[in-house]
Participant: 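Got a structure for you, written out below as structure tokens; questions coming shortly.
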Amino acid sequence: MKKIRVLVAKPGLDGHDRGALVIAQALRDHGMEVIYTGLRQSPAQIAQAAVQEDVDVIGLSSLSGAHRSLFPKVILELKKRNAAEIPVIGGGVIPSEDIPYLIEQGIKKIFTSGSSTTSLAAYIQDLIDPDTDAVGEPRKIAHIGIAVENIDLALPFYTDKLGLQLEAVEDVESEGVKVAFIKIGETRLELLEPSNETSAIRKFLDKKGEGIHHIALEVDDLSSRIQQLKRQEIHLINEQPTAGAHHSQVAFIHPKSANGVLFELIQHERRDS
């Protein structure tokens with residue numbers, strides 16, 4: 001298999017290249033060929049090097065704060081050379097509020113200072129390798145799970161006070177929980193009542209009391225999503241899909257990998273129309 005070729009460049013007047021060199025070495029460790037152009041490269045020089053070296057992707061690193069100007073200029077220079085198909089990703093010291101602008105200007109993805117090199121390598125692999133099945137982004141928020149001591153006592157707030165509709169109540173024996181499904185637009189609220197003393201919801205209530213327990217994201221291919229997250233060294237509570245409510249398959253991401261938030265990934269049973 002042909003190695004992925006990555007051009008790592010530092011546009012503008014950045015005076016330090018330690019971070020870029022670390023990234024370059026990390027990508028080499030993941031089996032990629034890396035061309036590093038060095039410091040103080042102009043957008044034109046970077047685009048020309050990418051074309052001459054026949055690279056698959058360009059990685060830009062910026063510490064100077066000039067990314068809003070320089071990154072889009074690299075895109076422009078690639079277009080001038082009929083090489084707009086080369087994807088450009090960016091990283092460095094980039095404020096989160098600048099990310100939407102850079103994406104809008106054609107940068108494929110921004111990796112902030114907290115991103116791991118493993119995530120970067122996995123993204124490039126999925127982006128470039130035609131033999132790798134791309135895993136799409138989550139479709140929507142499937143539901144928000146709310147832990148309660150007693151569904152019957154909690155339900156009137158949602159149905160009477162908020163005027164929402166109760167769809168169904170179901171026991172999920174595998175999780176030791178009773179679930180009430182409340183429809184709100186295209187998503188759901190799920191009231192979670194522990195059905196035994198060993199339930200994870202029972203432990204949550206004892207430790208934190210009633211409140212939001214998790215956020216569920218709907219995905220198309222749960223198994224592929226799990227494998228993608230494992231490649232990115234994300235800590236998973238479930239490394240294999242497990243049975244959930246409504247004949248779904250679910251897996252949980254550990255809060256330690258998600259800034260303290262418990263995320264559930266859920267794939268609903270496909271029904272033939």
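Heads up: numbering here begins at 1 and tracks the sequence. The figures here come from the full heavy-atom set of this structure, side chains too, leaving out hydrogens, waters and symmetry mates.
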Participant: Is Arg81 atom CZ crowded by more than 12 heavy atoms from other residues, nucleotides or ligands, each under 6.0 Å away?
Facilitator: yes

Participant: What do you reckon, is NZ of Lys183 surrounded by more than 12 foreign heavy atoms closer than 6.0 Å?
Facilitator: no

Participant: If you draw a 6.0 Å radius around CG in Leu76, do more than 12 non-hydrogen atoms from other residues or ligands fall strictly inside?
Facilitator: yes

Participant: Are His30 and Leu120 side-chain neighbours, meaning at least one heavy-atom pair lies under 4.5 Å?
Facilitator: no

Participant: Cut-off 3.5 Å, no hydrogens considered: what does the side-chain donor-acceptor table look like for residues 143-151, sequence neighbours left out?
Facilitator:
unit_1, atom_1, unit_2, atom_2, d
His143, ND1, Glu190, OE2, 3.2
His143, NE2, Glu190, OE1, 3.3
His143, NE2, His214, NE2, 3.0
His143, NE2, Glu264, OE1, 3.0
Glu149, OE1, Arg202, NH1, 3.1
Glu149, OE1, Arg202, NH2, 3.3
Glu149, OE2, Arg202, NH2, 2.9
Asn150, OD1, Asp152, N, 2.9
Asn150, OD1, Leu153, N, 3.0

Participant: Is it true that Lys73 and Glu77 have a side-chain N and a carboxylate O under 4.0 angstrom from each other?
Facilitator: no

Participant: Is there side-chain contact between Leu162 and Ile182, with heavy atoms separated by less than 4.5 Å?
Facilitator: no

Participant: Might you point out which heavy atoms bring Gly244 and Val250 nearest each other, and give the distance in Å?
Facilitator: CA-CG1, 4.1 Å

Participant: List the steps, then state whether side-chain contact (heavy atoms from CB on, under 4.5 Å) holds for Lys140 with Thr187.
Facilitator: CA-CA 8 Å; Lys140 64 179 182 180; Thr187 189; 5.9 Å; no

Participant: Side chains of Leu70 and Pro43: closer than 4.5 Å at any heavy-atom pair?
Facilitator: yes

Participant: For side-chain contact (heavy atoms from CB on, under 4.5 Å), just list the numbers for Phe204 and Leu192, CA-CA rounded to whole Å, side-chain angles, deciding distance to a tenth of an Å, and then say yes or no.
Facilitator: CA-CA 11 Å; Phe204 178 89; Leu192 307 165; over 6 Å; no

Participant: Run Arg5 and Glu53 through side-chain contact (heavy atoms from CB on, under 4.5 Å) and show every step you take.
Facilitator: CA-CA 8 Å; Arg5 290 172 62 81; Glu53 295 288 349; 3.0 Å; yes

Participant: Please find the pair of heavy atoms, one from Ser61 and one from Pro11, that lie closest to each other, and give the distance.
Facilitator: O-CD, 3.5 Å

Participant: If you count every heavy atom of other residues, nucleotides or ligands that lies below 6.0 Å from Asn259 atom CG, does the total exceed 12?
Facilitator: no

Participant: Ser257 pairs by side chain to side chain contact (heavy atoms under 4.5 Å, CB included) with which of Leu236, Ile234, Ile237, Leu229?
Facilitator: Ile234

Participant: Linking I/L/V/M/F/W/Y whenever any side-chain heavy atoms sit under 4.5 Å apart, do Val51 and Val55 land together?
Facilitator: no

Participant: In a table with atom names and distances, give each donor-acceptor pair under 3.5 Å that connects a side chain of residues 85-110 to protein atoms at least two apart or in another chain.
Facilitator:
unit_1, atom_1, unit_2, atom_2, d
Asp98, OD1, Arg68, NH1, 3.2
Asp98, OD2, His67, NE2, 2.8

Participant: With a 4.5 Å cut-off on side-chain heavy atoms, are Gln240 and Ile226 touching?
Facilitator: no

Participant: Are any of the side-chain heavy atoms of Arg188 and Glu167 separated by less than 4.5 Å?
Facilitator: yes

Participant: Begin from the C-alpha positions of Ile124 and Met32 and carry the test side-chain contact (heavy atoms from CB on, under 4.5 Å) through to its verdict.
Facilitator: CA-CA 10 Å; Ile124 293 174; Met32 301 180 190; 3.9 Å; yes

Participant: Between Ala180 and Leu166, which heavy-atom pair has the shortest distance, and what is it?
Facilitator: CB-CD1, 4.0 Å

Participant: Any side-chain heavy atom of Glu193 within less than 4.5 Å of one from Ile201?
Facilitator: no

Participant: So, using side-chain contact (heavy atoms from CB on, under 4.5 Å) as the criterion, who are the partners of Ala142 when residues are at least two apart?
Facilitator: Ala216, Glu218, Ile266, His268

